Amino acid sequence: MQARLVILSAALCLAPLAAPAQSVKDEGGLRFDGARIQSCLDNGGWRDCIGVATNACIEATPGGYSTVGMTGCTVAEEDWWDARLNAEYRALMERERAGDADWQPIPGMLPRPSGAEALRTAQRAWIAWRDATCTYEELQWWGGTGASGAGAGCRMRLTAEQVLMLMSW
């Protein structure tokens, strides 16, 4: 419970800096550009693209190497990946629903399970796993100023990896 309060407090402090709708942010001195990630993905970078915008943001933001600066940049990238996750999930869910509707039973075979239901179950389980994993990672920094940054970094990294998985399907 205390870990969630720390995360929530950090998120509330950084909320004006991390609006997910914008690709380029320059509010309060934070200089985040999500186009760096998209360009990297477009050039086939995949896993190498995770963190590129955070690193550039830290470099470009005055005070970027402070705990607040690093966490702000990381949360901004986490928001970018989260928006992409939602878009990829919706697109894949639409394809699964269409596949479920088009499926023709094969005589003598067991009925095919719903792809949409399987995807929903998998995504819900992944969210619980990500949150538990990142809470544990944050606990490794408990009592220090790096706790919120560690949690944000974990969520950003795991969310990005899930986006890449959904894109591959």
Side-chain angles (χ1 to χ4, degrees), residues 3-4 7-8 10-12 14-27 30-58 71-138 148-169:
R4 288 184 185 265
I7 294 168
L8 180 59
L12 290 174
L14 298 169
L17 307 177
Q22 292 177 292
S23 179
V24 177
K25 299 171 191 168
D26 195 2
E27 298 176 23
L30 184 71
R31 297 193 180 135
F32 175 84
D33 184 3
R36 288 178 176 274
I37 305 166
Q38 189 58 55
S39 176
C40 181
L41 291 171
D42 292 346
N43 288 310
W46 288 85
R47 289 194 85 207
D48 293 337
C49 300
I50 301 170
V52 297
T54 294
N55 294 336
C57 176
I58 290 168
T71 301
C73 291
T74 303
V75 168
E77 183 163 341
E78 177 188 355
D79 288 345
W80 189 94
W81 284 109
D82 189 59
R84 182 69 184 259
L85 176 78
N86 291 325
E88 293 295 333
Y89 175 79
R90 279 192 301 275
L92 186 53
M93 183 59 80
E94 286 178 29
R95 288 194 304 270
E96 288 299 334
R97 285 182 180 137
D100 287 349
D102 290 344
W103 181 255
Q104 298 296 317
I106 299 171
M109 289 189 72
L110 293 173
R112 178 184 182 268
S114 166
E117 287 179 29
L119 176 60
R120 182 180 303 106
T121 299
Q123 190 67 5
R124 287 179 178 168
W126 172 79
I127 290 168
W129 175 82
R130 177 202 58 195
D131 292 349
T133 298
C134 293
T135 295
Y136 181 76
E137 187 165 324
E138 188 173 275
S148 62
C154 177
R155 285 186 306 279
M156 183 268 291
R157 184 181 68 254
L158 295 182
T159 300
E161 289 174 357
Q162 184 70 357
V163 167
L164 299 177
M165 183 180 311
L166 293 178
M167 287 172 64
S168 73
W169 286 339

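All values reported here derive from a predicted model rather than from experimental measurement. What you see below is based on every heavy atom in this structure, not just the backbone, and it leaves out hydrogens, waters and symmetry mates.
Taking all atoms of both residues into account, the shortest heavy-atom contact from Gly115 to Asp100 is N-OD1, 2.8 Å. The minimum heavy-atom distance linking Trp81 with Cys49 is given by the pair CZ2-O, 4.1 Å. Taking every heavy atom of both residues into account, Cys134 and Leu158 meet most closely at SG-CD1, 3.8 Å.
Partners of Glu137 under the side chain to side chain donor-acceptor pair (under 3.5 Å) rule, at least two apart in sequence or in another chain, are Arg157. Taking the salt bridge (Lys or Arg N to Asp or Glu O under 4.0 Å) definition, one finds that Arg124 meets it with nothing, sequence neighbours left out. Not counting sequence neighbours, Arg130 has no partner by the salt bridge (Lys or Arg N to Asp or Glu O under 4.0 Å) test. Residues meeting the salt bridge (Lys or Arg N to Asp or Glu O under 4.0 Å) test with Glu161, sequence neighbours left out: Arg47. Partners of Gln123 by side chain to side chain donor-acceptor pair (under 3.5 Å), not counting sequence neighbours, listed by chain and number: Gln162. Take Asp48 and apply the salt bridge (Lys or Arg N to Asp or Glu O under 4.0 Å) test, not counting sequence neighbours, and it matches no residue.
Note that the CD atom of Glu77 and the CG atom of Asp33 stand 11.0 Å from one another [nearest 0.5 Å]. Arg90 CZ to Leu166 CG: the interatomic distance, rounded to the nearest 0.5 Å, is 12.0 Å. To the nearest 0.5 Å, the span separating CZ on Arg84 from CD1 on Ile37 amounts to 9.5 Å.
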